[in-house]
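Encoded as structure tokens, the structure appears first; notes follow it.
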Amino acid sequence: MRARPGKRTYAGLTDVGRVRAHNEDSVLLEQPLFAVADGLGGHEAGEVASGIAVTALRDAAPAHADANALGRAVRAANRAVIKAAREGRGREGMGTTLTAAIVEGTRIVVAHVGDSRAYLLHGDTMERITGDHSMVADMIRQGTLTEEESRSHPNRSVITRALGTDPNMYADTYEVDAEPGDRLLICSDGLTGMLTDDRIADLLGHYGDPEMAVRELVDAANEAGGHDNVSVVVVDIVGERASTEPARSHRGWLAVLVWALAVAAVVGIAVWGTYRYAADRAYLVAENDVVVVYRGLPGEFAGISLRWLAEETTITVGLLDPVTAGRLAQGIPVEDLDAANALVAQYRAIAEARSGDVDSAPGGP
Ligand code: MN
């Protein structure tokens, strides 16, 4: 299930199901931001509410995996839904769930309101990240109802917290440190109401391609009856933490994808091999206008520099020809330390000859 370079790392799908006339769910796929919203209100108001919620979320979301900032973005989405109803878009009393995640390397933050859910699949084990804000979830927590009984309870779709009514509503937030190869699932109750967690985990882990996993989960919910709109977002966890990356907009999904693949490639394939390789190599570089010899490689690899100072020579770069000086500014990699020493000897001879020229330049004896 580990992502290979060039492979898509996320997918999402929303489907009307087999019973409802409208799809009132909305999904958001703007890497690294992902969300599912399940609208309520009927007469098409639910889809207005869920649509406004994900749009407002996108506009207010932080560029990084900051749980508190994501929680504030969900509160902004709540105010946007309330405002829209007051202005006559949708209808008064419309609402929506919202389960949002930002995935940055192996770090996942989630902000959540309602009964849409986020899960993390790690190996064969799938864990629920979010806790439902619903009447049956409260009863399960109080011990008066079992998970199994809740599936057929007449009030199973009554939610106790939603966007669209209370301006002081807050979101629950979660921070998860995942591992490469893990898989994040965000879904509406149209999936979890139709399939058990065990069945969802089986399907989620069975398909390497997130696109296919999403399709199979939606199909399975529909085959089980499709009583509700069903929305599924799957995100594969790849690469390292991004804490040292400069700030970027969450709209730059292509840049993020390229970056994630580059990190996956560099970290996964190169670092160990590069380290072994670098230890035997050497390069010359200009520092403070003298030629300096390092063992290792110029530049950085996944934020790590692989170099060890070997010799700081007395050769003045300004005495060498401009082309060599230019190459030295970038660093000249060579096979090994012996090759570096040979080049140093060559440059020293040139520099000494030039400084000799300087000494015997006009004005000299
Ligand atoms: Mn629903």
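The analysis underlying the following values was restricted to heavy atoms, covering all of them including side chains, and did not include hydrogens, waters or symmetry mates. Counting starts at 1 for both ligands and their atoms, following the listed order.
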Original post:
Is the number of heavy atoms from other residues, nucleotides or ligands within 6.0 Å of CD (Glu287) greater than 12?
Top reply: yes
Subject >> For the Mn ion (ligand 1), every protein N/O/S atom that sits closer than 2.8 Å, waters excluded >> reply: Asp38 OD2, Asp189 OD1, Asp228 OD2
Original post:
Is it the case that more than 12 heavy atoms not belonging to Asp321 sit under 6.0 Å from its CG atom?
Top reply: yes
Subject >> Summary of salt bridge (Lys or Arg N to Asp or Glu O under 4.0 Å) pairs that have at least one residue in residues 142-153, sequence neighbours excluded >> reply: Arg128-Glu147
Original post:
Looking only at heavy atoms, which two atoms of Ile315 and Val344 are closest? And how far apart?
Top reply: CD1-O, 3.5 Å
Subject >> Minimum-distance pair of heavy atoms, taken over all atoms of Asp228 and Arg20 >> reply: OD1-NH1, 3.1 Å
Subject >> Note: Arg141-Asp138 ion pair, threshold 4.0 Å (strictly below) >> reply: yes
